[in-house]
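These numbers were taken from a predicted model, which means no experiment stands behind them. Numbered from 1 within each chain, the chains take letters A, B, ... in sequence-line order.
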Amino acid sequence: MLASPLLQPEIDPPKGGQGGLETAVESSQNTELSMDPDSSTEVSTTSDDEYAQLQRRFILATLAVSAFAVSVTALVFDLHIASSLLVGAVCGVLYLRLLARSVGKLGKASKSVSKIQLLVPVLLVLAVSRLPELELLPALFGFLLYKPAMILQVLLESRT
Amino acid sequence: MDSITTAASVVAAGLAVGLGAIGPGIGQGTAAGGAVEGIARQPEAEGKIRGTLLLSFAFMESLTIYGLVVALVLLFANPFAG
């Protein structure tokens, strides 16, 4: 009853209802509903684009750092170790892509982050243990190359 | 590989994965909850929040991966096997 005089002025008097409060709430909901769809869709599209661009930048940075690391390893050590590093780096990019996809689905399609991306390091270690051409440590270092790449990308973005 | 080494490796592998997943699991849950709450409060910042979440997940989950790798090495490429 205290709130009703404040909400009353622009509202028609109720016809046998509880008072002005219900009508005021209904009308405010209607205006929100009528305003929301376009603006929320626009905001969502912009955010999705922004996130897709960020994903692309992270993956490109990982590819660049991986290519640099593989070429340096091939020059300093030998091709055998460089190929292990390359396999690890490819697995790292795949892992990052799967992680980005599951983070993108969070809050929309799923309530929790899926763990499917953890299969990538498992398969990598299994492949390394089965195949004699691959070495464990270079493959693991190659897999973890996404971390310096992401740090580098964030540092470059914060400078610009 | 003798039976004691095998048993110790299997127990250590289980401990490495199990104990290594506790901390990142709690952290990821907290981070995901905070991010969803932030997106709900401020939908226009969704892209930035998701980007930060991706970055923090990538670093948090690598702790789980370390434990996973140690466990897999103990199981499939055990350096203590004679």
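The contact list for residues 77-88 of chain A toward chain B, using heavy atoms and a distance under 4.5 Å, is empty.
Other residues, nucleotides and ligands contribute at most 12 non-hydrogen atoms within 6.0 Å of the CD1 atom of Ile4(B). Other residues, nucleotides and ligands place more than 12 heavy atoms under 6.0 Å from the CZ atom of Phe59(B).
A pairwise comparison of heavy atoms in Arg50(B) and Gly104(A) identifies NH1-O, 3.4 Å as the closest pair. Here the shortest heavy-atom pairing between Gly47(B) and Glu50(A) reads CA-OE1, 4.2 Å.
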Go through the steps to decide whether Phe143(A) and Ile65(B) satisfy the test side-chain contact (heavy atoms from CB on, under 4.5 Å), and finish with yes or no.
CA-CA 10 Å; Phe143(A) 177 78; Ile65(B) 291 171; 3.8 Å; yes

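Cluster annotation: Tyr146(A) and Ile151(A) are assigned to the same hydrophobic cluster (Ile/Leu/Val/Met/Phe/Trp/Tyr, side-chain heavy-atom contacts under 4.5 Å, transitive). Placement of Leu152(A) and Tyr95(A) in two distinct hydrophobic clusters is found when ILVMFWY residues are connected by side-chain heavy-atom separations under 4.5 Å, directly or transitively. Hydrophobic cluster membership is shared by Val120(A) and Val73(B), with clusters built from Ile, Leu, Val, Met, Phe, Trp and Tyr side chains linked at under 4.5 angstrom. In terms of hydrophobic clustering, with Ile, Leu, Val, Met, Phe, Trp and Tyr side chains grouped at heavy-atom distances under 4.5 Å, Val69(B) and Phe141(A) are assigned to different clusters. Val125(A) and Val10(B) fall within a single hydrophobic cluster, where Ile, Leu, Val, Met, Phe, Trp and Tyr are joined by side-chain heavy atoms under 4.5 Å apart, directly or via other members.
For a residue to count as touching a neighbouring chain, one of its non-hydrogen atoms must lie under 4.5 Å from one of that chain's; by this rule Leu144(A) touches chain B with the side chain only. With a 4.5 Å cut-off on non-hydrogen atoms, Gln53(A) does not touch chain B at all.
The side-chain heavy atoms of Glu46(B) and Tyr51(A), taken from C-beta on, include no pair separated by under 4.5 Å. Side-chain contact check for Phe76(B) versus Val128(A): every heavy-atom pair is 4.5 Å or farther apart. Between Leu140(A) and Tyr66(B) the shortest side-chain heavy-atom distance does not fall below 4.5 Å.
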Could you list the donor-acceptor pairs under 3.5 angstrom formed by side chains in residues 51-58 of chain B, with sequence neighbours left out?
from, atom 1, to, atom 2, distance (Å)
Thr52(B), OG1, Lys48(B), O, 2.8
Ser56(B), OG, Thr52(B), O, 3.0
Ser56(B), OG, Leu53(B), O, 3.0

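Ranked by heavy-atom pairs under 4.5 Å with chain B, the first of Gln117(A), Gln55(A), Arg130(A) is Gln117(A). Counting heavy-atom pairs under 4.5 Å between each of Ala77(B), Ser62(B), Ala71(B) and chain A puts Ser62(B) at the top. In terms of heavy-atom pairs under 4.5 angstrom with chain B, the leader among Leu106(A), Val154(A), Leu54(A) is Leu106(A).
Between Glu61(B) and Lys115(A), at least one side-chain N (NZ, or NE/NH1/NH2) sits under 4.0 Å from a carboxylate O, which counts as a salt bridge.
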